[in-house]
Amino acid sequence: MNFLKLYWFLFLIAPTISVPFQRRWYSPEAISDGSALQQLGIQAFTSTLLRLGTPNSTSKCNPSTVTVRQEWRTLSAAQRKSYVAAVNCLKSKPSVFTSDEAPGAINLYDSFVAIHINLTQFIHETAYFLTWHRYFTWTYEQMLQNECGYEGGIPYWEWGLDAEDITASPIFDGSDSSMGSNGVNIYSNTSGVIVWNGAPQSPPSKQVYLGIGTGGGCVFEGPFKDWAVNMGPVGEPNYINYPNVTELTNILGLNPRCLKRDLRPWVAKTFLTFTNITSLILDYNTIELFQAVMQGDPRYITTAQLGVHGGGHYAFGAGAGLDVFTSPGDPVFFLHHAQVDRVYALWQALDFANRQDVFGRGYIQDVIITPNVTVDDYIDLSKLNDKLQIKDTMDTVGGTPFCYVYQ
Ligand SMILES: *[C@@H]1O[C@H](CO)[C@@H](O)[C@H](O)[C@H]1NC(C)=O
Ligand SMILES: *[C@@H]1O[C@H](CO)[C@@H](O)[C@H](O)[C@H]1NC(C)=O
Ligand SMILES: *[C@@H]1O[C@H](CO)[C@@H](O)[C@H](O)[C@H]1NC(C)=O
Ligand SMILES: *[C@@H]1O[C@H](CO)[C@@H](O)[C@H](O)[C@H]1NC(C)=O
Ligand SMILES: *[C@@H]1O[C@H](CO)[C@@H](O)[C@H](O)[C@H]1NC(C)=O
Ligand SMILES: *[C@@H]1O[C@H](CO)[C@@H](O)[C@H](O)[C@H]1NC(C)=O
Ligand SMILES: [Cu+2]
């Protein structure tokens, strides 16, 4: 697409653009078949482009510098392969940590896993959740581009396209232009997995029983078949009738093992439909409720819910992928979190001027009471990246430093 052309076109029609955000403007069919979400996505895309600097301005983020993030299946096979190659390349680059700081982080990719493990209780079900993961995925994208020559944005995973049958997803079909296969099926003598819903342990009424999956073992085909998960486990749930995992004494220690996956049709059907995504965007008007429903935060929900965030992780994760600490150990983490960020950016775009805030404190579910977080507080990604003030994360095209849009 010719961005300069599009930009000037938008400039002309700008006064006529208004972003609809009333649920009653969409039929239930449009909400469930994805067309409402698609329309919201187009509106968000155009209104975001309107915030770009002019082509000749000094703004660091303008039509010639903006990165476009696309859905996985809109990339050509060659683009998908180049993405996979860049991810593998991160495994060949040196860690940002010394072996004293994080003995298990033996390369640049693992440095991302180490930071996530180390900060888990400060970045989930806290005020930092959305903005921390926004900065984290953006830093990953920067490394893919600057260290490994990848051209393009992180592909995102539109959950709704796979909600009906995740086992048919091209992301997981094991072809050489996929993200690798499902795991080997281990379910012959297991009866399922209980997943606790956040910390601390939720009451049984809010625990989600994931039931029988379709994999559970090591990825056996395609990219990442030989991928090593080098860190964790830290918080893996236990498979019933399956040996309990031995957790590490040093949570940043080295413990190489295969990458496991488990495609779970029930989880995808129950938590990842277009209706689930679109309702989240249209029905929750405060950052407090939006982030709570997205994460199935047990402080806010009355029944067992994973939200789209947990639903996405548990629809494919096994081993590290089911472990809230070690989840970036599976590279699909970043496709999932690009979609989490897209849904957040889309929600912000519906009322951009008023959706610049954070809500909550700094420790998971307020198990430890800390002061309220404000947009003047900083996001810590050391040693992967500089500290960043939360208010500078609010605009994906603000140039401070972000410069990307979701198409
Ligand atoms: C922008 O810069 C280009 C050359 O870099 C020039 O051709 C064009 O006229 C400029 N446009 C405006 C609006 O200044
Ligand atoms: C882990 O977090 C602590 C502070 O909580 C910090 O001192 C340490 O450097 C961090 N380690 C890594 C590997 O990020
Ligand atoms: C299933 O049961 C058989 C026989 O009891 C055992 O040999 C095998 O290791 C078990 N498989 C798993 C995945 O637990
Ligand atoms: C695994 O751990 C859980 C909780 O600690 C315990 O209830 C269960 O019996 C254990 N399962 C096995 C097979 O040891
Ligand atoms: C998710 O969507 C399905 C159908 O599309 C619906 O049955 C379920 O109640 C929804 N769940 C939530 C939490 O919105
Ligand atoms: C923290 O935020 C809550 C919720 O908005 C508010 O009620 C409370 O007054 C705030 N506390 C402080 C010290 O600002
Ligand atoms: Cu996370």
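One-based numbering, in listed order, for ligands and for the atoms of each.
Heavy-atom separations between T270 and ligand 5 include at least one value shorter than 4.0 Å.
Within ligand 5, the atoms closer than 4.0 Å to a non-hydrogen atom of Q305 are 13 (C), numbered from 1 in the order shown. For ligand 2 and L252, the ligand atoms under 4.0 Å from any heavy atom of the residue are 13 (C). Listed by number with element, the atoms of ligand 6 under 4.0 angstrom from any heavy atom of F359 are 4 (C), 5 (O). Numbered from 1 in the order shown, with element, the atoms of ligand 2 that lie under 4.0 Å from a heavy atom of E101 read 13 (C).
The protein reaches atom 5 (O) of ligand 5 closely, with a heavy atom under 4.0 angstrom from it. Per-atom contact check: atom 9 (O) of ligand 6 does not touch the protein, criterion being a heavy-atom distance below 4.0 Å.
For atom 14 (O) of ligand 5, the nearest non-hydrogen atom of the protein is N276 ND2, 3.0 Å. The single protein non-hydrogen atom nearest to atom 2 (O) of ligand 2 is N118 ND2, 2.3 Å, given as residue, atom name and distance. The protein heavy atom nearest to atom 3 (C) of ligand 6 is N372 ND2, 3.7 Å. Annotation: atom 13 (C) of ligand 2 to nearest protein heavy atom, F97 CE2, 3.5 Å.
For residues 332-341, the salt bridge (Lys or Arg N to Asp or Glu O under 4.0 Å) pairs, not counting sequence neighbours, are R69-D341, R134-D341.
In this structure the side chain of Y150 never reaches within 4.5 angstrom of the side chain of V87, judged on heavy atoms.
Judged by distance alone, the side chains of Q295 and E125 never bring a donor and an acceptor atom under 3.5 Å apart.
Between H313 and H337, the angle of the ring planes lies from 30° to 60°, which puts this pair in the tilted group. Ring pair F316/H336 is perpendicular by interplanar angle, where above 60° counts as perpendicular and below 30° as parallel.
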- E158 and R73: CA distance, side-chain angles, deciding distance, salt bridge (charged side-chain N to carboxylate O under 4.0 Å, His left out) verdict: CA-CA 9 Å; E158 172 54 273; R73 51 214 99 187; over 6 Å; no

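Separation of atoms CG (L130) and CD1 (I123) is listed at 11.5 Å; rounding is to 0.5 Å.
Polar contact check, T273 against ligand 5: a nitrogen or oxygen pair lies under 3.5 Å apart.
Around atom CD of E101, more than 12 heavy atoms belonging to other residues, nucleotides or ligands sit under 6.0 Å away.
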